[in-house]
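So that the names make sense, note that chain A is the first sequence line, chain B the second, and so on, each numbered from 1.
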Number of protein chains: 2
Amino acid sequence: MKGRLTARQNEAYEFIRAYQRRHHKPPTLQEIGEALGIRSTNGVFKLLRALEKKGYLRRDPGAARGLHLLDSDDPFALTDEVPSLPVISRTASHEPERLRARPAGFLTVDPFFLPRGLDPDTCLIGRAGDDGMSGEGIFKGDLLLIEEVPWRTLNSRELVACLVGELLLARRFVFVNNRIHLQPANRTYLEEVFPPDDPGCHVIGPIRAVFRRLP
Amino acid sequence: MKGRLTARQNEAYEFIRAYQRRHHKPPTLQEIGEALGIRSTNGVFKLLRALEKKGYLRRDPGAARGLHLLDSDDPFALTDEVPSLPVISRTASHEPERLRARPAGFLTVDPFFLPRGLDPDTCLIGRAGDDGMSGEGIFKGDLLLIEEVPWRTLNSRELVACLVGELLLARRFVFVNNRIHLQPANRTYLEEVFPPDDPGCHVIGPIRAVFRRLP
DNA sequence: TTGGATGGTGAAAATATTTTCACTAAATCG
DNA sequence: CGATTTAGTGAAAATATTTTCACCATCCAA
């Protein structure tokens, strides 16, 4: 029995949800007001009443922080919506079929980086092993969000992650004359060419996002 | 670094945990008192202070329901916070003192990108407004994790985000001869120089991470 | 046996937070 | 057009909640 939310109401709803996820408790009216740029708590109050009437939250009148989102009631459900992707360990190249085995860790990734509702179960995180794509802004050590797909479904010149030798590399993928070409974007690196079944080369899939921590 | 809990302290701890689990927010002192049969909120207050001193919870002095259990072994302890940072809206340059007002949205960021336990409350997300730092792998549209600090505390040649005119830009920061120099890393852009109080230039702080979604 | 830590009572003070009131302005709808 | 919804401002009132103060009792270790 939910009405549709106005843009403003949605902003309030999303803020409450983000706040709850971060602080494990609901915000006060003042905190909502600050976040949305509303100077009067009454402005916030009315937004909340509208949200309540439309069935998006329940209030506990009189109680401090007496809010309670209905959709995603459980704080653990909230964290579930933010996928945690396995980080490929350095030993993965020994058995590229089992990239998810013994992950080096997990990285929380905002759904913003999973376009078109990409299935999180098909995604992985890998660390770029060289500067071969520095010309396109991918540096050694960057974390790459990789969608795992069969390499035959890739488009030509798609930006991919692959395991070559002991390293996980970002490259442009080209398939011609029954050969996989991995093209760097840095003059000091050379294009590499492999037959499709070369055990020393495993193309994982396209790179969907790049994350870099700066010193 | 935890002391042992007395029976009474443990009862309080367990009640808080159960309450949090059920209501998705911490209880008030009165509610704890009712549950444990303590008539004075001060009795509860002292229990909480003891729990805090022993490292079992954190308090947020002055805030209603300002409690927060710590123990990370406990699935309901809720400590491993995955912060949700506000994304600076495009209209922020009109009032750079209130960057958090009316955020364009929120981005969940893995704690991995907050070095040395950087306080999430001092961090923001901004979108790079040009390609002025493409030479260092930051492109227009990239999401920047910015630590908000007073510009006088910056080191020379530090990579910073700043609001110049209508745009949020990444640049190298240099302060000499009482002038702020913003240096690009792309030959087609020019260094810009501002007096420290120029209203058209607001240096937000150093860039701690870069996130890019690929097409 | 004295002194600190613990665990209280009860009341009052100080804040935090919600709620109400009066008023404005824009957008929407029948 | 006029009525309704939405989204505010600003101030004040009403409560909820935290914090402090004075005081008491018990237990335990030095």
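- Residues B:Ile125 and B:Val109 form a side-chain contact, since some pair of their non-hydrogen atoms from C-beta on lies under 4.5 Å apart.
- Rounded to whole angstrom, the span from the NZ atom of B:Lys25 across to the C1' atom of C:dT18 amounts to 13 Å.
- Side-chain atoms of B:Asp110 come within 3.5 Å of backbone atoms of A:Thr108 as a donor-acceptor pair (strictly under, hydrogens ignored).
- Across the protein-nucleic acid pair, B:Arg59 atom CZ and D:dT18 atom C1' stand 9 Å apart, rounded to whole Å.
- Between B:Arg65 and D:dA16, a side-chain N or O to OP1/OP2 separation shorter than 4.0 Å is absent.
- Along DNA chain C, the nucleotide closest to B:Pro61 and the one closest to B:Leu47 are compared, and the more 5′ of them pairs with B:Leu47.
- With hydrogens and angles ignored, the 3.5 Å screen pairs no side-chain donor or acceptor of B:Arg172 with any backbone N or O of B:Ala185.
- Within 4.0 Å (heavy atoms only), B:Gln30 reaches at least one base atom of the nucleic acid.
- Within the 4.5 Å cutoff, no side-chain heavy atoms of B:Leu144 are placed close to those of B:Arg127.
- With sequence neighbours left out, A:Arg213 forms a side-chain hydrogen bond (donor to acceptor under 3.5 Å, both in side chains) with no residue at all.
- A heavy-atom distance below 4.5 Å is found between the side chains of B:Ile88 and B:Ile204.
- Listed by first and then second residue, the ring pair (Phe, Tyr, Trp, His ring centres under 6.0 Å) pairs involving residues 152-181 of chain B are B:Trp151-B:Phe175 (not counting sequence neighbours).
- In terms of position along DNA chain C, the nucleotide closest to B:Leu36 lies nearer the 5' end than the nucleotide closest to the other residue of the pair B:Leu36 and B:Ala63.
- Axis angle, first five pairs versus last five pairs of the helix from C:dT1-D:dA30 to C:dG30-D:dC1: 30°, rounded to 10°.
- Using modelled atom types, one side-chain atom of B:Arg212 and one backbone atom of B:Gly137 make a donor-acceptor pair closer than 3.5 Å.
- With rounding to whole Å, B:Leu51 atom CG is found 16 Å from C:dA5 atom P.
- Atoms CZ (B:Arg49) and C1' (C:dG7) sit 12 Å apart, rounded to a whole Å.
- The shortest distance between the side-chain N/O atoms of B:Arg8 and the OP1/OP2 oxygens of C:dG8 is below 4.0 Å.
- Checking side-chain atoms of B:Arg171 against main-chain N and O of B:Glu192 turns up no donor-acceptor pair under 3.5 Å.
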Can you pull every protein N or O that's under 3.5 Å from an N or O on nucleotides 25-30 of chain D?
none

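- In this structure, CD1 of B:Ile38 is placed 14 Å from P of C:dT6, rounded to the nearest angstrom.
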Which atoms of nucleotides 10-12 of chain C (N or O only) lie under 3.5 Å from a protein N or O atom, and what are those distances?
from   : atom 1 : to      : atom 2 : distance (Å)
C:dG10 : N7     : B:Ser40 : OG     : 3.0
C:dG10 : O6     : B:Asn42 : ND2    : 3.4

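- Taking NE2 from B:His68 and CD from B:Gln20, the interatomic distance works out to 8.5 Å, rounded to the nearest 0.5 Å.
- A:Arg157 is linked by a side-chain hydrogen bond (donor to acceptor under 3.5 Å, both in side chains) to A:Gln183, counting only residues two or more places apart in sequence or in another chain.
- No contact: A:Ala50 has no heavy atom under 4.0 Å from any strand.
- In this structure a side-chain-to-backbone donor-acceptor pair under 3.5 Å is missing from A:Glu136 to A:Met133.
- Rounding to whole angstrom units, CG of residue B:Leu48 and C1' of C:dT6 are separated by 14 Å.
- Whole-Å rounding puts the B:Leu29 CG to C:dT9 C1' distance at 15 Å.
- Taking atom NZ on A:Lys46 and atom C1' on D:dG10, their separation rounds to 12 Å, with Å as the unit.
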